[in-house]
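What follows is one structure encoded as structure tokens, with my remarks underneath.
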Amino acid sequence: MHGSSSGKWTNTLSARCSIHLDWLNKQIKELEHRINDHIDRHPDLKRDTELLRSIPGTGDITGAKVLAYAGDVRRFTNAKALAVFIGVTPRQRVSGSAIKGRTMMSRTGHNELRRALYMPGLVARHHNPILENVW
């Protein structure tokens with residue numbers, strides 16, 4: 001008797017999880033649609049997204065994240081200022097006059113933007129011979 005009731009409970013739980021996952025997937029699709037519509041309605045955002053998508057490894061999601069996190073990249077005076085904002089500039093560990101260890105990435109910038117660019121960076125490295133020896 002105990003085994004049959006747990007089977008019904010498991011089936012009910014499984015069905016509820018499936019319904020909830022379907023709902024979540026619909027919400028994700030709706031949100032993606034709204035983001036794309038917003039970008040399409042603004043010519044500057046659309047142009048910037050198209051430029052970002054022209055880079056191997058980037059697509060709609062990466063483009064939207066970069067635009068959301070960095071905003072209008074033209075506000076940065078140069079590429080170095082953008083790199084500082086993202087947190088991908090080199091940093092040396094120093095103590096007094098001694099340099100300790102090798103140079104590392106600073107990681108003091110925008111964590112989510114850095115995360116959004118990680119996988120596209122790996123793809124770019126794979127497709128661009130100039131970047132092969134960077135990492």
Side-chain angles (χ1 to χ4, degrees):
M1 182 166 173
H2 186 287
S4 66
S5 66
S6 70
K8 289 179 186 177
W9 185 83
T10 302
N11 289 339
T12 302
L13 181 61
S14 177
R16 286 183 179 180
C17 286
S18 180
I19 290 168
H20 188 66
L21 286 173
D22 288 342
W23 178 82
L24 286 172
N25 286 326
K26 287 178 186 175
Q27 295 299 308
I28 290 169
K29 294 283 185 206
E30 173 63 25
L31 186 56
E32 288 173 346
H33 180 72
R34 291 175 67 186
I35 290 169
N36 289 332
D37 281 349
H38 179 79
I39 290 170
D40 288 342
R41 284 193 315 267
H42 296 85
D44 288 341
L45 288 176
K46 188 171 184 172
R47 185 182 68 245
D48 291 348
T49 301
E50 289 169 358
L51 283 171
L52 287 166
R53 285 197 329 231
S54 71
I55 301 168
T58 60
D60 292 337
I61 293 173
T62 302
K65 285 182 178 182
V66 169
L67 294 174
Y69 296 143
D72 185 1
V73 294
R74 289 178 269 313
R75 69 187 169 107
F76 298 101
T77 56
N78 54 37
K80 184 177 179 179
L82 177 59
V84 169
F85 177 77
I86 297 171
V88 293
T89 53
R91 179 188 73 145
Q92 287 185 332
R93 295 182 345 179
V94 293
S95 176
S97 62
I99 297 175
K100 298 182 176 186
R102 57 181 217 179
T103 302
M104 302 170 54
M105 185 173 62
S106 70
R107 295 190 178 123
T108 57
H110 199 291
N111 186 43
E112 290 300 318
L113 182 51
R114 214 172 31 255
R115 187 177 307 187
L117 293 172
Y118 178 74
M119 286 306 290
L122 291 180
V123 172
R125 178 181 168 218
H126 180 73
H127 291 284
N128 187 338
I130 295 170
L131 299 177
E132 272 183 9
N133 297 320
V134 172
W135 282 302

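What you are looking at is a predicted structure, and each value in this text was computed from that prediction instead of being measured.
Looking at heavy atoms from C-beta onward, Asn25 lies out of side-chain contact with Lys29 at the 4.5 angstrom threshold. Contact of the Asp44 side chain with the Asp72 side chain is not registered, since no non-hydrogen atoms from C-beta on lie closer than 4.5 Å. For the pair Leu113 and Lys65, the minimum side-chain heavy-atom distance is 4.5 Å or more. The side-chain heavy atoms of His38 and Ile35, taken from C-beta on, include no pair separated by under 4.5 Å. Residues Leu67 and Leu52 meet the side-chain proximity criterion, which asks for heavy atoms closer than 4.5 Å.
The backbone N or O of Pro120 sits nowhere less than 3.5 Å from a side-chain atom of Thr58 that would complete a donor-acceptor pair. Of the possible polar contacts, one joining the Thr49 side chain to the Leu45 backbone as a donor-acceptor pair under 3.5 Å is found.
Separating the NE2 atom in His20 from the CD atom in Gln27 is a distance of 9.5 Å, to the nearest 0.5 Å. Distance CD1/Ile19 to OG/Ser14: 10.0 Å, rounded to 0.5 Å. How far CD1 of Ile86 is from CZ of Arg114: 9.0 Å, rounded to the nearest 0.5 Å.
Counting all heavy atoms, side chain and backbone alike, Ala116 lies closest to Tyr69 at CB-CE1, 4.4 Å. Nearest heavy-atom pair across Ile39 and Ala64 is CD1-CB, 4.3 Å. The shortest heavy-atom contact between Val123 and Gly57 is CG1-CA, 3.4 Å.
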Requested in this report: Decide salt bridge (charged side-chain N to carboxylate O under 4.0 Å, His left out) for Arg47 and Glu50; before the verdict, give the C-alpha distance in whole Å, the side-chain angles of both, and the deciding distance to 0.1 Å.
Outcome: CA-CA 5 Å; Arg47 185 182 68 245; Glu50 289 169 358; over 6 Å; no
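Annotation: Arg34, atom CZ; neighbour count of heavy atoms from other residues, nucleotides and ligands within 6.0 Å does not exceed 12. For Leu51, the CG atom is densely surrounded, since the number of other residues' heavy atoms within 6.0 Å is greater than 12. Counted within 6.0 Å of NE2 on His126, heavy atoms from surrounding residues, nucleotides or ligands total 12 or fewer; the atom is thus considered open. Annotation for Arg74: atom CZ counts as buried by contact number, over 12 foreign heavy atoms lying within 6.0 Å.
Val84 and Leu82 fall into different hydrophobic clusters, defined by Ile, Leu, Val, Met, Phe, Trp and Tyr side-chain heavy atoms under 4.5 Å apart, directly or through other members. Linking ILVMFWY side-chain heavy atoms closer than 4.5 Å, directly or via other members, places Leu31 and Trp23 in two distinct hydrophobic clusters.
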